Number of protein chains: 2
Amino acid sequence: MKIGDLVKQHGVSVDTIRFYEKQQLLTPSARSEGGYRLYSHADNQRLSFILRAKSVGFSLQQIRELLQIEDNKSQWQCSDVKDKVQHKMTEIAEQISELQRFYQALAQLDQACCGGSVSATECSILTALEQGQPVLAEQHIPKQECAKC
Amino acid sequence: MKIGDLVKQHGVSVDTIRFYEKQQLLTPSARSEGGYRLYSHADNQRLSFILRAKSVGFSLQQIRELLQIEDNKSQWQCSDVKDKVQHKMTEIAEQISELQRFYQALAQLDQACCGGSVSATECSILTALEQGQPVLAEQHIPKQECAKC
DNA sequence: ATAAACCCTTGAGCTAACTCCAGAGTCAAG
DNA sequence: CTTGACTCTGGAGTTAGCTCAAGGGTTTAT
C-alpha cells in the first residue's frame with residue numbers, strides 16, 4: 001500500500017502522513033526499491049487509531065503516549081489508559097469553563113446594547129469595555145425604550 | 001508615564017506592550033528626548049480597553065476592529081458593535097460544542113474501562129480506538145464484575 | 001561620577017499541526 | 001519510449017500571541 005492509497009482511505013493529505021512520520025507516530029513498515037513508503041495493514045490500522053484519538057480531542061503528543069501503551073500493552077495497566085482519558089477530560093472541561101465564562105460575559109455585553117442603527121457614541125458595550133463596569137442584566141433596556149439608542 | 005509604569009498598573013509585560021504597538025493596537029502618544037515611550041491617560045485607558053476585550057475572548061485582530069470603532073464612534077452604529085459581540089458569541093458557542101463532543105466521546109471511553117491494575121492488553125478504550133466501534137454506555141461493566149479486568 | 005535600574009531596537013524563537021514548494025526520481029499505460 | 005501521475009527529500013512558511021536575547025543608550029539615586 002503506497003502513501004496515496006492510505007490518503008484516499010483516510011481522507012488526510014500526503015503531507016500529513018509524512019508529518020506524522022516525522023513526529024514518530026506512524027512509520028511505514030517497508031520501502032519499495034524506488035524508495036516509496038509501503039504501508040502494511042497494521043500501519044493502516046495504526047493510522048485509524050491516530051485519527052480516532054484525534055477525533056476525540058487528543059493532541060499528537062498525547063497520541064504518541066497512547067501509542068506507546070498500544071505498542072506494549074502487556075507492560076501497562078487499564079488504569080494507565082483510563083488515567084489518560086480522564087486527564088484529557090479534565091483538560092477539556094477546563095477549556096469549556098473558560099469559554100463559558102467568555103460567553104457569559106459577552107452575553108451581558110450583548111444584552112446591554114439595543115443594536116439599533118444609531119451612532120455608537122453612546123454604545124453600552126463600548127462603555128463597558130472602556131470603563132470595565134460589569135454590565136448587569138438589570139441594566140438591559142428593551143429596544144423600544146432604550147434611551148440612548 | 002513610561003512603559004514600566006503601564007506594566008505595573010496592568011500586570012502585563014513590557015514585551016507585550018511593545019508587541020501590541022507592533023500590532024497597531026496601542027501607540028504611545030509621545031516619546032521622551034531620550035526616545036522613551038510616553039503614555040498618556042488616554043493611552044492607559046486604551047490598554048484597559050484592550051485587556052478587557054481580551055478577557056472576554058476577543059482575538060487581537062478582533063480587538064483591532066473594535067478599536068477602529070472606538071476611535072471613530074460617530075461613524076459607526078450600535079448594531080456594528082453588537083454584531084461583533086454576537087459574532088464572537090457564535091464563534092465561542094461553536095468551540096464549546098466541539099469540546100462538548102470531545103468530552104462526551106471521552107466519557108464513553110472512560111465508562112467502558114474499569115481502570116483497574118490489570119494488563120492493558122484487553123483494555124476497552126484501546127479496543128475502541130483501534131476498531132472505532134463506538135463504546136456504548138450499556139457496555140459498561142461495574143468494576144467488581146468487569147470480566148476483562 | 002558611577003552604579004543600578006530602566007529603556008531602546010532588531011531579530012529570533014516558541015507551540016501546534018500542518019501546508020507548501022522546488023527539484024528530482026519512479027512507475028504504469030499506451 | 002514517452003507522458004503523466006505519483007512519490008521522494010529538505011526546508012521554509014503559516015497562525016496567534018507572545019517571549020527572549022544581544023548589545024546598546026538613558027535616568028536616577030547615592
Side-chain angles (χ1 to χ4, degrees), chain A residues 1-40 43-44 47 49-67 88 91-92 94-95 98-99 102, chain B residues 1-40 43-44 47 49-67 88 91-92 94-95 98-99 102:
Chain A
M1 211 178 185
K2 285 187 294 180
I3 199 169
D5 303 323
L6 210 57
V7 156
K8 272 168 215 145
Q9 259 201 38
H10 295 275
V12 295
S13 82
V14 172
D15 279 328
T16 298
I17 303 285
R18 288 196 280 241
F19 175 71
Y20 287 171
E21 185 173 343
K22 213 184 303 176
Q23 296 296 305
Q24 317 257 45
L25 295 174
L26 178 67
T27 308
S29 48
R31 290 277 180 146
S32 76
E33 289 183 10
Y36 284 15
R37 288 169 178 81
L38 296 178
Y39 296 92
S40 67
D43 294 335
N44 197 344
L47 179 55
F49 185 101
I50 292 167
L51 295 178
R52 284 198 200 97
K54 233 174 76 77
S55 79
V56 300
F58 284 110
S59 69
L60 298 190
Q61 168 58 35
Q62 289 167 333
I63 294 174
R64 207 180 348 262
E65 292 167 19
L66 286 172
L67 285 169
K88 189 74 208 178
E91 253 183 51
I92 288 179
E94 282 165 5
Q95 291 173 23
E98 179 170 33
L99 289 175
F102 288 167
Chain B
M1 211 181 188
K2 285 186 294 179
I3 201 169
D5 302 323
L6 210 57
V7 157
K8 271 168 216 146
Q9 260 201 38
H10 295 275
V12 294
S13 83
V14 172
D15 280 328
T16 297
I17 304 284
R18 288 196 279 241
F19 175 72
Y20 287 170
E21 185 174 343
K22 211 185 304 174
Q23 297 295 305
Q24 317 258 45
L25 295 174
L26 179 67
T27 308
S29 49
R31 290 275 181 148
S32 76
E33 290 183 10
Y36 283 17
R37 289 170 177 80
L38 296 178
Y39 296 92
S40 67
D43 295 335
N44 197 345
L47 180 54
F49 185 102
I50 293 167
L51 296 178
R52 284 198 199 95
K54 233 173 75 78
S55 79
V56 299
F58 284 111
S59 69
L60 298 190
Q61 167 59 34
Q62 288 166 334
I63 294 173
R64 208 182 345 263
E65 292 167 19
L66 286 172
L67 285 169
K88 189 74 208 179
E91 254 182 51
I92 288 178
E94 283 164 4
Q95 290 173 24
E98 180 170 31
L99 289 175
F102 288 168

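Bear in mind that the values here come from a model prediction, so they are computed numbers and not experimental data. Just so it is clear: chains get the letters A, B, ... in the order the sequence lines come, proteins before strands, and each one is counted from 1.
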Pull out every protein N or O sitting under 3.5 Å from an N or O of nucleotides 18-23 of chain C, one pair per line with the distance.
residue: C:dC18; atom: OP2; partner: A:Y20; partner atom: OH; Å: 2.7
residue: C:dC18; atom: OP2; partner: A:K54; partner atom: NZ; Å: 3.4

Pairs: protein N or O with nucleotides 22-26 of chain D N or O, under 3.5 Å:
residue: D:dG25; atom: N2; partner: B:Y36; partner atom: OH; Å: 2.6
residue: D:dT26; atom: O4'; partner: B:Y36; partner atom: OH; Å: 3.3
residue: D:dT26; atom: O2; partner: B:Y36; partner atom: OH; Å: 3.3

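Rounded to an integer number of Å, the gap from A:R37 CZ to C:dC27 C1' is 17 Å. In this structure, A:I3 places its CD1 atom 15 Å from C1' of C:dG25, rounding to the nearest Å. The interatomic distance linking B:I17 (CD1) with D:dC18 (P) rounds to 10 Å, in whole Å. The distance from atom CG of A:D5 to atom P of D:dA5 is 17 Å, rounded to the nearest whole Å. To the nearest angstrom, P of C:dA17 lies 13 Å from CG of A:L51. Going from atom CD of A:Q61 over to atom C1' of C:dC14 covers 16 Å, rounded to whole Å. Atoms CD (B:E91) and P (D:dT15) sit 16 Å apart, rounded to a whole Å. Between B:F58 atom CZ and D:dG17 atom C1' the separation is 17 Å, expressed in whole Å.
Under the side chain to side chain contact (heavy atoms under 4.5 Å, CB included) criterion, A:Y36 pairs with A:K2, A:S32, sequence neighbours left out. With sequence neighbours excluded, the residues satisfying side chain to side chain contact (heavy atoms under 4.5 Å, CB included) with A:Q95 are A:E91, B:L99. Shown here are the side chain to side chain contact (heavy atoms under 4.5 Å, CB included) partners of A:E33, two or more places apart in sequence or in another chain: there are none. Annotation: side chain to side chain contact (heavy atoms under 4.5 Å, CB included) contacts of B:F19 (sequence neighbours excluded): B:Q23, B:L60.
Contact check, A:R64 against C:dA17: no side-chain N or O comes under 4.0 Å of OP1 or OP2.
Within a 6.0 Å radius of CD in B:Q24, no more than 12 heavy atoms belonging to other residues, nucleotides or ligands are found.
When each of B:K2 and A:L38 is assigned the nucleotide of DNA chain D bearing its nearest heavy atom, the one mapping closer to the 5' terminus is A:L38. Mapping A:S59 and B:K8 onto DNA chain C by nearest heavy atom places B:K8 at the nucleotide closer to the 5' end.
Ion pairing of A:E65 with A:K88 is absent here, as no side-chain N (NZ or NE/NH1/NH2) approaches a carboxylate O to less than 4.0 Å.
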